[in-house]
Amino acid sequence: MTEHIALVTGGSRGIGAAVAEHLAAQGFDIAISYARNAARAEELAAKIRQMGRRVLTIQADGATIEGNRKGVAETVAHFGRLDVLVCNAGTYPHNTIDKTSIEDIEYTLNLNLRAIMVETHEAVQHMQKGGRIILMGSAFAGRAPFPGLSLYTATKAGLRGFAQGVARDIGPRGITINVIEPGPIDTEMNPADTEGAAALAGFVATGSYGVVEDIAHMAAFLASPAASYITGAAIAVDGGLLA
C-alpha cells in the first residue's frame, strides 16, 4: 500500500492538532509545522506515533517566505512525497483600522494570505493526481458582525478568490483546493466560556460554539477520495453564522 502524506501548518494545537489527528486516523503519515512551542508539537507527535503513523515536526516561521518553503521542503525530503497540504497557521488581529499598525497589517497579510500562496506554489510542484489543498478560512470572510475585523476578514476573504483561481490552474491535474470557513470554535485562543464568547455565539444560528472536531471531520472528508469533485469551494462549518 502506498503511504499518503499530509502537512498541517500550525498543527501543534487547536484546530490544526485536531486535523492532524483525524488525518492520521484516516491512514496518513503526518508532518506538522509550528512556530514556537516545540513541546506541544512533540506531545502531539507522540500521540500520532501511538496510532501507528509516522510523524515529522518542523519548526518554521509561517510569516516568512523561508518558513513557508521550509515546511513543504522538509516534508518532501523526509517522506519523499506530499499528498495533502492543510494551510492552518494564521493570526487573528482584532482592532479597528484607525488603531491598526502598519506592522500588524504586514504581519497579518504575510501569515494569513501570502503564506498560503507560497505554500501552495511549493506544494503543487510535488503533488500528483489526487492531491488535496485545504485552506483554513473563516466565516468572517462572508460577514463581519462587529468592529475590529477588517484586516482579518480581508485576508480570509482573499482565500476564497485564491482557491477559485488555483482550482482552475490545477484542476486538469486532478488536484483540488478548497477553503473551510469555521465559525466560532472552542479553542485555547478562542475559549467558549468568556463574556465575549457569549455575545459571539448570539450571531450563530445554533446559539453555541463548535468544537475542533467539527472542523477536523470536514478536513478529513476534503482530503479523501470522496471529495474528488469538490474544488474551488468555500465551505462554511459555522453553526449558521452565515445563515
Side-chain angles (χ1 to χ4, degrees), residues 6-10 14-16 19 62-63 68 72 84-94 97 100 104-124 127 131-185 187 189-190 200 203-205 210 212 214-224 227-243:
L7 166 62
V8 182
T9 71
I15 290 174
V19 170
N68 306 146
V72 174
V84 173
L85 169 67
V86 182
C87 296
N88 172 76
T91 184
Y92 177 55
H94 182 234
I97 193 62
T100 299
D104 284 342
I105 292 173
E106 181 177 35
Y107 180 76
T108 305
L109 286 171
N110 288 348
L111 183 55
N112 285 12
L113 193 54
R114 186 187 68 183
I116 280 74
M117 295 177 173
V118 174
E119 288 158 1
T120 299
H121 171 273
E122 297 296 299
V124 297
M127 284 185 172
R132 301 282 188 265
I133 300 170
I134 301 167
L135 313 181
M136 204 59 65
S138 170
F140 288 160
R143 182 184 183 191
F146 47 80
L149 294 174
S150 58
L151 185 52
Y152 182 73
T153 58
T155 57
K156 295 303 184 180
L159 297 184
R160 291 181 170 188
F162 182 65
Q164 288 174 336
V166 173
R168 296 286 183 177
D169 295 339
I170 63 178
R173 295 174 51 190
I175 303 170
T176 67
I177 179 169
N178 293 288
V179 187
I180 299 174
E181 296 189 335
I185 302 296
T187 64
M189 294 180 64
N190 185 31
L200 180 54
F203 291 104
V204 178
V212 293
D214 293 323
I215 309 305
H217 286 308
M218 178 57 71
F221 169 68
L222 290 175
S224 75
S228 62
Y229 202 56
I230 303 172
T231 194
I235 301 172
V237 185
D238 66 349
L241 178 67
L242 293 176

May I ask you to test the Met136-Glu181 pair for a side-chain heavy-atom distance under 4.5 Å? no

Can you check whether Ile230 reaches Phe221 side chain to side chain, under 4.5 Å on heavy atoms? yes

Between Glu119 and Cys87, is any pair of side-chain heavy atoms under 4.5 Å apart? yes

Give the intermediate values and the outcome of side-chain contact (heavy atoms from CB on, under 4.5 Å) for residues Ile177 and Ile170. CA-CA 8 Å; Ile177 179 169; Ile170 63 178; 4.2 Å; yes

Give the minimum heavy-atom separation between Ser138 and Lys156, together with the two atoms involved. CB-CG, 3.7 Å

Could you grab the distance from atom CG of Asp214 to atom CG of Asp238, nearest 0.5 Å is fine? 10.5 Å

Phe140-Phe146 aromatic ring centre distance below 6.0 Å: yes

Donor-acceptor pair, Asp104 side chain versus Thr108 backbone, under 3.5 Å? no

Minimum heavy-atom separation for Ile185 to Val212, with atom names? CG2-N, 3.7 Å

Between Asn178 and Ala233 (side chain of the first, backbone of the second, donor and acceptor by atom type, cut-off under 3.5 Å), is there such a pair? yes

side-chain contact (heavy atoms from CB on, under 4.5 Å) for Tyr92 and Leu151? Distances and angles first, verdict last. CA-CA 9 Å; Tyr92 177 55; Leu151 185 52; over 6 Å; no

Sub-4.5 Å side-chain heavy-atom contact between Ile215 and Ile180: yes

Less than 4.5 Å apart, side chain to side chain, heavy atoms only: is that true for Ile235 and Met218? yes

Test item: Arg143 and Leu241 side chains (from C-beta on) under 4.5 Å apart, heavy atoms: yes

Under the 3.5 angstrom rule, does the side chain of Thr155 hit a backbone N or O of Tyr152 as a donor-acceptor pair? yes

Checking the side chain of Arg173 only, and the main-chain atoms of Gly131 only, is there a donor and an acceptor separated by less than 3.5 Å? no

Can you name the closest pair of heavy atoms from Ile116 and Leu111 and give their distance? CD1-O, 3.8 Å

For Val72 and His121, what are the C-alpha separation, side-chain angles and deciding distance, and is it a side-chain contact (heavy atoms from CB on, under 4.5 Å)? CA-CA 10 Å; Val72 174; His121 171 273; over 6 Å; no

Looking at Gly10, is its backbone amide N or carbonyl O close enough to the side chain of Asn88 to form a donor-acceptor pair, meaning the two atoms are under 3.5 Å apart? yes

For Val84 and Leu222: C-alpha separation, side-chain torsions, deciding distance, then whether side-chain contact (heavy atoms from CB on, under 4.5 Å) applies. CA-CA 10 Å; Val84 173; Leu222 290 175; over 6 Å; no

With a 3.5 Å distance limit and no angle check, can you tell me whether Arg132 reaches the backbone of Ile175 through a side-chain donor-acceptor pair? no

Considering all heavy atoms, the nearest Leu85-Ala123 contact: CD2-CB, 3.7 Å

Identify the heavy atoms of Leu242 and Ala236 that sit nearest to each other, and give their distance. CD1-CB, 4.2 Å

Any idea which heavy atoms bring Gly137 and Pro182 closest together, and the distance? O-CD, 3.3 Å

Between the OH atom in Tyr229 and the OG1 atom in Thr176, the distance rounded to the nearest 0.5 Å is 13.0 Å

Point-to-point distance, once rounded to the nearest 0.5 Å, from CD1 of Ile105 to CG of Asn110: 11.5 Å

